[in-house]
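The first residue in the sequence is number 1, and the count goes up from there. Please read all numbers here as calculations on a predicted model, not as lab measurements.
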Amino acid sequence: MLSAQDSLWMAKALHLAERGLYTTSPNPRVGCVLVRDDKIVGEGWHQYAGEPHAEVHALRVAGDAARGATVYVTLEPCSHQGRTPPCADALVNAGVTRVVVAMQDPNPQVAGQGMEKLRAAGIEVECGLMEVAARELNIGFFSCMTRGLPWLRSKIAMSLDGRTALNNGLSQWITGAAARQDVQHWRGRSCAVLTGIGTVLADDPQLNVREQQLAIHEPQLGGHGIKAIRQPLRVVLDSQLQVPLTARILCGGNVVVYTATSDFQKKAALEKLGVRVVVLPDVCGRVDLIAMLRDLAASGCNEVLVEAGRLLNGALLQAGLVDELVLYMAPQLLGDRARGMAQLGELTMLDQRIELEWQDVRNVGKDLRIVARVRHK
């Protein structure tokens with residue numbers, strides 16, 4: 001029987017799991033708390049892929065006090081040998097008597113088997129406490145495991161009338177410094193940042209995480225023992241391989257370009273710079289968007305942030321591939337001749353519209369930030 005006290009301990013485990021927001025990919029963010037005689041005897045969180053899981057960190061802190069303890073963990077303990085040994089076995093060997101799990105692991109290699117291993121060892125197991133919060137924390141991991149697609153989040157800076165640039169292409173800066181700093185949070189938690197060749201040619205962006213700005217946004221990071229923020233993969237959708245070899249986004253490695261052309265000379269030049277070039281044409285001679293996202297998912301990209309113009313945003317929305325919008329709305333009007341946020345073409349019936357569900361609305365500096373989920377039909 002779950003109690004109010006169980007919820008308090010699980011909330012603590014979820015808070016610990018959040019510490020891995022910028023570092024654990026492609027692994028899920030997981031926190032663990034061990035409680036004995038109504039006192040925490042051990043706690044831990046998964047910090048980096050390939051390193052010990054949250055349960056192992058908590059057991060090391062607890063030592064002999066783990067025997068007879070109750071474990072609160074935000075994701076089902078793993079039951080298989082990966083880069084680290086099974087956490088279910090570690091809990092059994094430590095002599096814990098009860099395990100409370102927020103949600104079952106969607107990974108087919110686990111998917112209930114970890115809890116079954118615990119029950120087979122005589123350990124009481126309960127699952128489902130604060131499951132919604134646990135799933136939100138790992139929404140990209142869940143998406144990849146259940147759909148084979150990353151969670152696609154599109155960031156758009158726009159005016160109150162939905163315009164992202166003047167008709168001549170000028171867009172720096174519509175939103176203020178606080179909004180631009182806030183974007184570092186979304187980049188930092190993403191496995192990849194995706195843009196189109198139009199944005200590369202117009203703005204020559206780097207699309208990396210500015211760790212100093214992220215530290216300002218998340219001042220508590222320094223106290224969490226984080227060694228380094230994981231830089232996201234930078235992804236360019238470039239059907240005709242127009243990207244200049246001098247583009248800033250190509251600097252520093254960790255770049256992939258998806259294209260529809262077999263320009264072997266340009267491909268070889270990019271690969272010489274350390275760029276991974278993937279040719280994925282669709283029947284129309286453009287990049288196959290679904291194939292691109294499946295490739296990113298297979299590469300360990302759980303969450304992908306889109307920072308692009310109206311053409312790519314429109315194509316992804318029309319294809320039903322965008323899961324979430326992060327809209328920074330500036331208190332200004334740019335007029336009907338300015339460029340819109342997404343090129344969707346003319347709708348002739350209201351049932352063709354894309355419907356959204358509000359998730360969060362708040363002020364960021366002088367701007368308004370709206371987070372909305374796309375309602376997939």
Side-chain angles (χ1 to χ4, degrees), residues 106 131-132 135-136 139-140 142-167 171 174-175 186 190 192 194-196 198-199 235 237 239 258 260 280-297 301-362 367-377:
E131 180 176 357
V132 173
R135 182 175 297 193
E136 282 294 315
I139 196 164
F142 190 86
S143 176
C144 281
M145 288 297 170
T146 58
R147 305 187 304 174
L149 295 171
W151 183 261
L152 196 68
R153 182 182 287 120
S154 184
K155 184 277 296 183
I156 301 173
M158 64 186 191
S159 62
L160 183 61
D161 51 350
R163 304 296 168 172
T164 59
L166 299 180
N167 195 41
S171 62
I174 291 176
T175 52
W186 299 104
S190 300
L194 168 66
T195 194
T199 298
V235 183
L237 193 153
S239 294
Y258 288 96
L280 289 176
D282 65 9
V283 294
C284 299
R286 296 185 290 266
V287 173
D288 188 319
L289 297 177
I290 295 179
M292 175 189 68
L293 292 178
R294 292 198 182 279
D295 184 70
L296 287 173
C301 291
N302 296 332
E303 297 181 24
V304 174
L305 179 67
V306 180
E307 295 195 42
R310 57 180 177 173
L311 295 179
L312 182 52
N313 276 318
L316 290 168
L317 282 165
Q318 285 181 313
L321 297 173
V322 177
D323 298 300
E324 190 170 77
L325 294 172
V326 179
L327 307 173
Y328 293 92
M329 185 176 291
Q332 54 192 254
L333 302 173
L334 296 183
D336 59 359
R337 296 296 299 274
R339 298 179 183 180
M341 58 181 282
Q343 186 167 303
L344 299 174
E346 182 183 3
L347 306 185
T348 57
M349 300 180 66
L350 283 177
D351 61 6
Q352 296 173 311
R353 62 192 168 189
I354 296 171
E355 296 189 52
L356 309 174
E357 295 178 349
W358 305 127
Q359 298 294 306
D360 183 72
V361 179
R362 68 181 65 187
D367 303 311
L368 193 66
R369 190 189 76 188
I370 300 172
V371 179
R373 296 267 167 89
V374 177
R375 293 181 60 183
H376 295 297
K377 299 177 181 179

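Glu307 has its side chain out of reach of Thr199: every pair of non-hydrogen atoms, C-beta onward, lies at least 4.5 Å apart. Counting only heavy atoms from C-beta outward, the side chains of Arg294 and Leu149 approach each other to under 4.5 Å. Here the side chains of Ile354 and Leu344 are in contact, with some heavy-atom distance below 4.5 Å. In this structure the side chain of Thr195 never reaches within 4.5 angstrom of the side chain of Leu312, judged on heavy atoms. At a threshold of 4.5 Å between non-hydrogen side-chain atoms, the residues Ile139 and Glu303 count as touching. Two residues are said to be in side-chain contact when any heavy atoms from C-beta on lie closer than 4.5 Å; Asp323 and His376 meet this criterion. Contact check for Glu324 versus Arg373: side-chain heavy atoms found under the 4.5 Å cut-off. When side chains are defined from C-beta on, Leu356 counts as touching Val374, because their heavy atoms get closer than 4.5 Å.
Annotation: Leu166, atom CG; neighbour count of heavy atoms from other residues, nucleotides and ligands within 6.0 Å is above 12.
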Using the rule given for side-chain contact (heavy atoms from CB on, under 4.5 Å), can you reason through Leu334 versus Ile174, listing the C-alpha separation, both sets of side-chain angles and the distance that settles it, and then say yes or no?
CA-CA 9 Å; Leu334 296 183; Ile174 291 176; 3.8 Å; yes

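For the residue pair Arg147 / Ser143, a side-chain donor-acceptor distance below 3.5 Å is found, with atom types taken as modelled. Side-chain contact of Ser154 with Asn313: a donor-acceptor pair under 3.5 Å is present, judged by distance alone.
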